[in-house]
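Here's the structure, in structure tokens; my notes come after.
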Amino acid sequence: MLSHYKIITLSHQHTNLRDLAKFVLPELEQTIVHLLQSAKENFNIQELFYVSTCNRVMFLLYGEFNADENTVIPFYRHFLPQLTASDYTILKENVKIFQGTDAVSHLFNVASSVDSLVVGERQILSQLREAYEFTRTQGLCGDAMRLLMDQAVLTSKEVFSTTRIGEKPVSVASLAVLKLLRYALRPDARILLIGAGQTNGIVAKILHSNAFTNVHVFNRSLPKAQSIAKLFPNGKASLLSELNEFSQGFDALIACTSSPTPLIDLHVFTSLVQNEKNPKVIIDLAVPNNVTMEVAELKQVHYVEIETLRQVASENMAFREAEVIKATKVIDSNIEKFSRLFKQRKIEKAFSSLPDEIKAIKEKALSEVFKKDLAELDEPTKELIEKMLTYMEKKCVGVPMKAAREILL
Ligand SMILES: NC(=O)c1ccc[n+]([C@@H]2O[C@H](COP(=O)([O-])OP(=O)(O)OC[C@H]3O[C@@H](n4cnc5c(N)ncnc54)[C@H](OP(=O)(O)O)[C@@H]3O)[C@@H](O)[C@H]2O)c1
């Protein structure tokens with residue numbers, strides 16, 4: 001029954017991300033498997049799938065378990081016995097439970113990134129697929145989940161291919177690299193990354209995927225700089241304190257640290273530029289800025305700062321959000337498609353024993369019910385009757401299946 005599909009979820013839509021972290025299952029895979037397995041037994045669930053991302057924790061289940069605001073507490077207690085009374089208050093106030101068509105709709109919205117914190121980010125589909133593959137191979141999911149997940153993947157692909165929901169970058173890191181590309185820098189351009197935090201880590205990955213090779217990372221602590229520099233064939237790492245002595249020049253510089261005071265002032269810039277006269281692209285992603293206005297205003301410098309990029313990011317986000325209307329239409333038609341597929345699958349399963357049952361009736365007719373009558377017939381007549389019964393057997397199997405399919409159309 002479609003109503004056996006249920007989703008129990010906490011997400012960024014209703015819960016702040018710090019609270020959300022309390023409801024993530026322990027990281028160890030074997031512990032998760034054990035907990036999910038025992039939850040299936042304890043709560044009368046046939047199939048159980050779990051996924052957590054940085055902005056949602058979701059259980060998708062198939063079974064008779066009556067998921068509601070009362071049962072959700074013991075359900076969570078099973079997984080996270082350490083939760084406190086105040087955590088349960090957060091849970092009760094924020095948890096969302098979907099059932100039947102609503103559960104299908106929620107999953108399709110999640111898979112298509114309509115429900116994401118950053119609408120149109122493609123990563124969610126691979127996170128869902130990975131989590132499903134994990135639960136499937138651990139024997140936690142079966143046919144009902146396979147059918148639903150297959151359709152969720154198809155829906156997501158259709159949304160991304162027929163709408164523009166995933167177009168136009170919305171992160172400052174991608175917009176920063178896009179800016180560099182506009183200045184037509186060569187792949188071996190000398191790029192300095194100042195800072196090796198989360199944001200510059202993402203910038204580095206995007207630089208790498210755009211084939212930039214020559215990146216020197218400066219950071220307050222060396223190990224983070226080294227791990228980013230490793231991405232590039234000509235990657236190098238140094239301590240931020242060595243920036244003043246750097247004498248190899250540069251073409252572009254991306255600064256992104258949490259330093260409360262600027263790091264690139266006129267003195268540092270003059271030393272870095274090494275009397276070179278070519279234009280220098282400087283992208284300052286830090287708040288407060290890492291680059292002084294004196295440097296930003298130099299003729300030789302093409303300066304891009306975070307506020308400009310944030311403005312573009314929010315315009316692009318508005319563009320993506322407008323595409324949600326089109327995405328919703330695609331999702332709705334896939335919900336209908338899934339509902340038909342699900343019924344069809346139910347019928348196939350219900351009829352799966354039909355061929356054997358009809359064959360058994362034929363065998364019984366020949367070997368028991370009409371045994372004596374057949375014994376009085378000559379061989380050619382017996383053969384003919386057997387042939388006719390075999391023909392009937394094969395033809396009869398398809399009749400109820402065909403009728404059932406026609407009802408669904
Ligand atoms: N997260 C975002 O979405 C986002 C987007 C755009 C811009 N920003 C801005 O980018 C900056 C960094 O963000 P993030 O997310 O990458 O932060 P993060 O992951 O916390 O990294 C902070 C970086 O700043 C360095 N740092 C911290 N204090 C410093 C100091 N006093 N002097 C020199 N370096 C220092 C850290 O060096 P260690 O590794 O040695 O600690 C690290 O490289 C912030 O100004 C933030 O406002 C953030």
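Numbering starts at 1 and runs along the sequence shown. First listed ligand is number 1; within each ligand, the first listed atom is number 1.
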Counting the benzene-type ring for Trp, do Phe43 and His78 have ring centres under 6.0 Å apart?
yes
With a 6.0 Å cut-off (strictly less than), is the heavy-atom count around CD of Gln13, excluding the residue itself, greater than 12?
yes
Test side chain to side chain donor-acceptor pair (under 3.5 Å) applied to Asp102 - qualifying residues, sequence neighbours left out
none
Steps toward salt bridge (Lys or Arg N to Asp or Glu O under 4.0 Å) verdict (Asp143, Arg146)
CA-CA 5 Å; Asp143 197 50; Arg146 179 192 58 75; 2.8 Å; yes
In chain-and-number order, ligand 1 lies under 4.0 Å from a heavy atom of each of Val172, Gly195, Ala196, Gly197, Gln198, Thr199, Asn219, Arg220, Ser221, Lys224, Leu240, Cys256, Thr257, Ser258, Ser259, Pro260, Leu285, Ala286, Val287, Ile306
Do Phe49 and Tyr62 have ring centres separated by under 6.0 Å?
no
For Tyr76 together with Tyr88, are the ring centres under 6.0 Å from each other?
no
